[in-house]
Amino acid sequence: MNNQAERWTFLTSHARVLLTIASDPAARLRDIAAACRITERTALAIVTDLEQADYLHRERLGRRNQYTLHLHGSFRHPAEAGLPVRALVELFTGREEGAAPPPPRKARPLQGGLTRSSLRE
């Protein structure tokens, strides 16, 4: 791939964060940032933007956030203003709004076969 092709992408970081949350509504900010290849600070700013624009709601459950998407809105750019955000999420997740989310991810094994949850016990 040439250098020019690496300078732009089809999806913005805002779209990537929204799609990451759609795939895992209980994702940690750290995981969202890693999946989108952005910093945690940038991920937090984007989540805040999306929440203020009413594309999602963030609720604190214990030490974690749980996200609820509001996909009734349209895209913000005038060229796509009539298109629902729901269509983008359904395209990339393969699920329709209201469909059951994927099962929670299992804890990844650490070195020596330990998991993060076993370390807390």
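Because only heavy atoms are used, hydrogens play no part in the values below, and waters and symmetry mates are left out as well, while side chains stay in.
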What verdict does the side chain to side chain contact (heavy atoms under 4.5 Å, CB included) test give for Leu19 and Leu11, after you've listed the backbone C-alpha separation in whole Å, the side-chain angles of each residue and the deciding distance to 0.1 Å? CA-CA 10 Å; Leu19 293 169; Leu11 297 177; 4.0 Å; yes
Cluster overlap Leu44 with Leu61, hydrophobic side-chain contacts below 4.5 Å: no
Arg58 versus Thr68, side-chain donor and acceptor atoms under 3.5 Å: no
Heavy-atom side-chain contact between Asp54 and His72 under 4.5 Å: yes
For Val89 and Leu71 the tightest heavy-atom approach is CG2-CD2, 3.8 Å
Main-chain N/O of Arg64 paired with Arg28 side-chain donor or acceptor, under 3.5 Å: no
What residues, two or more places apart in sequence or in another chain, satisfy side chain to side chain contact (heavy atoms under 4.5 Å, CB included) together with Leu83? Phe75, Glu80
Would you compute the distance between atom NE2 of His14 and atom CD1 of Ile46 and round it to the nearest 0.5 angstrom? 5.0 Å
Would you say that more than 12 heavy atoms from the other residues, nucleotides or ligands in this model lie under 6.0 Å from the CZ of Arg76, or not? no
Over all atoms of both residues, closest heavy-atom pair of Pro25 and Ala22: CD-O, 4.2 Å
Do you know the tightest heavy-atom contact between Leu18 and Tyr55? CD1-O, 4.4 Å
Output, in order, the C-alpha distance, side-chain angles, deciding distance and verdict of side chain to side chain contact (heavy atoms under 4.5 Å, CB included) for Val85 and His70. CA-CA 9 Å; Val85 172; His70 300 162; over 6 Å; no
Minimum side-chain heavy-atom gap Glu59-Asn65 below 4.5 Å: no
For residues Tyr67 and Leu50, determine if any side-chain heavy atom of one lies less than 4.5 Å from a side-chain heavy atom of the other. no
State whether the side chain of Thr20 and the backbone N or O of Ala35 hold a donor-acceptor pair below 3.5 Å, judged by distance alone. no
Minimum-distance pair of heavy atoms, taken over all atoms of Ile21 and Ile32: CG1-CD1, 3.7 Å
CZ on Arg16 to CZ on Arg37, rounded to 0.5 Å: 10.0 Å
Looking at Thr42 and Ile38, would you say the former's side chain and the latter's main chain have a donor-acceptor pair under 3.5 Å? no
Go through the structure and list residues passing salt bridge (charged side-chain N to carboxylate O under 4.0 Å, His left out) with Glu40, not counting sequence neighbours. Arg30
Closest heavy-atom contact between Ala43 and Ala33? CB-CB, 4.0 Å
